[in-house]
Amino acid sequence: MTAAPLHLAGERLMLDPAGALVWPAARLLAVADLHLEKGSAQAARGMLLPPYDSRTTLDRLGLLLRRWSPAIVLALGDSFHDPGGPGRLGAAEAARLGAIARAHRLVWIAGNHDPAPPAGLAGEAAGAFAAGPFVFRHEPEGTAGGIEIFGHLHPKAAVASRGGTLRRACFVADARRVLLPAFGAYAGGLDVTDPAIAGLFRPGARVFLLGQERVFCFPLPARRRA
Amino acid sequence: MLPPAFAAWFAARGWTPRPHQLALLDAARAGESVLLIAPTGGGKTLAGFLPSLIALAATPTPGLHTLYVSPLKALAVDIARNLMAPVAELGLPIRIETRSGDTPPNRRARQRQEPPQLLLTTPESLALLLSLPDAPRLFAGLARIVIDEVHALAGSKRGDQLALGLARLGTLAPNATRVALSATVAHPAALAAFAGAGRIVTATGGAAPLLELMLPDGPLSWAGHMGLEAAPTILARLRAARMSIVFVNTRAQAELLFQALWKLNDPMLPIGLHHGSLDPAQRRRVEAAMAEGRLRAVVATASLDLGLDWGDVDQVIQLGAPKGVSRLLQRVGRADHRMDRPSRALLIPANRFEVLECEAAIEAVAAGALDGDPPRPGGRDVLAQHLLGLACAGPFHPDDAYAEIRRAAPYADLTRDAFDAVLDYVATGGYALAAYERHRKLFRDAEGRFHVRSARLAAQHRMNIGTIVEAPMLRVRLAGRRGAGPVLGEIEEYFAAQLRPGDSFIFAGRRLAFLRLRETTVEATEAAGPGEPLVPAYEGGRLPLSTHLATRVRALFATPARWTVFPEPVQEWLRLQRAASRLPGREGLLVETFPRAGRWYLVAYAFEGRNAHQTLGMLLTRRMARAGFAPLGFVATDYVLGVWSAMQPVGVASLFDQDMLGDDLEAWMAESSMLRRNFRNVAVIAGLTPRHQPGAAHSRRQVTVNTDLIYDVLRKHQPDHVLLRAARDDATSGLIDLGRLAGFLGRIRGRIVHMALSRVSPLAVPVLLEIGRESVRGAATEDALLAELEAELRGA
């Protein structure tokens, strides 16, 4: 696994191919849109999806924490798919989140799916998290307060190769904004050419597609007109 | 044998009842179920309905008497129209109605209250009727079931669904007799078992068709499958005939040929276009124009394989290799659609290999040898859908359901364990982690019967009945000057996603410029944009070469005495191959290796069809990578597999060892995009990710969860889940074609001939020309492609 460096405002950020953003100088790791317990939320609507999504997501997060040993772990909102999610979390998964909160400073940033902090779980809650030149939040609001690092949009990019079109979840970044891919096992994607994403970035923005061992960097494709 | 009124009706038209029509009448009187095998144009449909009409004329009874099931909605509509004539002329008190997804809700409701005597429908609409609580009342008096074009249904998931529906009808209306109508097939006994018919009636007569191989003017193509250089030749033949159908193998080919013909069409012959992605209204217009004799030719895909005759077709042209004998016969039967006159058809190969395939097909037709796969076990995903439907109709006991389901031929060998696993999946999701007890879809009462949990679930189920899972499609609409223009048809979402405003593409016989995407509609204008236009391709559009035809092609290669039927360039090509290397034999496997432009090539003449070759290519390249040959890519055609590598492959025979179907296969399947595609279909059919939700104004995107993500999670945590099993079962045929590959590896063991050549052989030339069209998949290969692209961009 090789993370790609991204230099912004004199700071070096690392884009991990597992879908996390790491700021080594601050010993901070951020993931977005965990959508824990999405499977059980769908089950209530008659879609009995495999109930292993939270476990899978936490497995991936655990690997990342071992790799980077951050002091601060930021979950950039939509950490649970719905407000009832924390209550449905399996005992083993709840215990794992507890262990993470003991070993790191765990910050739950509010999202549109989980506006209130997760009930009964360890960690602190916040609307946003500012540090150095960066503001970490769920949705983009504006860059007046600093470089925005956010999630919410589940970016995914397609590139045409000689083996056909390849689609991957990705980071999107320009000088003022960094958009993280969704980290949850059942979190789908929105194409980066969608105006909701493309409209946020300036010409020259880049996408970083997640690979198995590294990320792959391409220019942000032209915006698709609505 | 005919009642006087019917005899008079036949006589008035100068007709005599055909022997098979009388045989079916006889069987109906004896209460027997029958499979009728007759070539097209044999008066099959009338034979199927005659016993019903006679019975109802003698004893008019209210309520549903005869149920007709056809694979095509449009066919049901046409048959209904054709039946109206005799019913009106004979003054019979019979109501005939059709029912499909297009039937308006008020008529559907009335059909449940006051069913017509003859109801014409599709397997999907039948499944929906059977899921209603009043199904037992509706079908209690059913006397006959007519299944049309049964050969087109058996062996598919739609066939599985129909077989389960027939088993259900066997319980609801135990005295109903069945008649199944089929074109000539390779496995009549299996088809009779599928239909539950105890007797097979084969229509006699029918002149053997006359087939002729025709080559385009000019040099013979080495590769490619479009055959567009034949356009002038085809146009000349169209001018000489009254009405022609030009059959092609893919929708893209249809669009391109249509363009090519019109570019040359100075005489302004009226030529139409017909394929499955065109708007139904547009297709109906083309059919009507054919029927009225207003067209001189139609370029068509499999969309015209089935169904009624449209007009007096006097010439059929097949452009490109036919791929299978049975399908070729069906297409050829479109010309001179009368049993007593031979049909005539021209076969135009698109390249050299196809010359051999066309010749082999002509021989097979002359020999009356058909192809087709023997039946396979029914899909568990379809069974899951059926079980939920059963519960929606009313509570059932699993013992009864199991017994009933085993009466459906595709499920005759279903074990109780397998049945219970599917039922558990329907009820709870079938997960080892019992997480969804609260959300179970089925619950058991004290007597052990299963009930559906809620009316909402039943409504959701009924909205999602069916086994055809199409790739996400977008409508194509012509943007007029004032507001929206007509809808032209549908293209796949992935194709639309690669279009940028101004890009031109060919669709519905027009050259269009992409304007914008609005919701689920592609808006386009009829303006020629710059550059080569794109042509939409569709998933699964191509059938692989049948095993039967492949065997004949091999035999042609191996018998130089028979080469005289080929045009001289082909004979010369084969002679050169014999001198420079060897010819592929009837059995075993010829493998050539040779260096070229700094790479090594390995070409295996396997003749197992494109799907099996793709799978073989994936497995072989893995093994070559481990052996240090550094494979760089491969290409699979219907005839051969070509692999290129950085190092010289040695020990070639051991590369093809059967054990490649072990660990390598496991590892590859795990990340294969084809298995993911299978899983996507299975998840939709089995109701894991329903496409429609009641009362949901949401778009598809909002209600569905990406099945690739579900697949990854499920594979990791419960690899033995019933739906993963179902996806793997699908892989033994279809896109991965494991069954065929396994048979092949067993057959060639110890019979591999390796020719180490110093340069490319004549037979391998077409393979080199195909190179660059390989499809590479799997996360690791994808990563390699991404890295390559990234490096290219950096260098640029």
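All chains are named by letter (A, B, ...) in the order of the sequence lines, taking the proteins before the strands, and each is independently numbered beginning at 1.
Contacts between B:Thr428 and chain A at a heavy-atom distance below 4.5 Å involve the backbone alone (N, CA, C, O). Only the backbone of B:Ala427 comes within contact range of chain A, with at least one heavy atom under 4.5 Å from a heavy atom of that chain. Heavy-atom distances place no part of B:Ala683 under 4.5 Å from chain A, backbone and side chain included. Looking at A:Leu49, both its backbone and its side chain come within 4.5 Å of chain B, counting heavy atoms on both sides. With a 4.5 angstrom heavy-atom cutoff, A:Ala187 touches chain B only via backbone atoms. B:Leu457 touches chain A through its side chain: at least one heavy atom from C-beta onward sits under 4.5 Å away, while N, CA, C and O do not.
Between A:His138 and A:His152, the ring-plane angle classifies as perpendicular under the 30° and 60° cut-offs. Between B:Phe443 and B:His451, the two ring planes are parallel [angle under 30°; tilted spans 30° to 60°]. Ring geometry for A:Tyr52 versus B:His717: interplanar angle under 30°, hence parallel rather than tilted (30 to 60°).
Across A:Gly188, A:Ala44, A:Gly211, the residue that shares the most heavy-atom pairs under 4.5 angstrom with chain B is A:Ala44.
Less than 6.0 angstrom separates the ring centroid of B:His721 from the ring centroid of B:Tyr431.
Other residues, nucleotides and ligands contribute over 12 non-hydrogen atoms within 6.0 Å of the CZ atom of B:Arg462. Around atom CZ of A:Arg12, no more than 12 heavy atoms belonging to other residues, nucleotides or ligands sit under 6.0 Å away.
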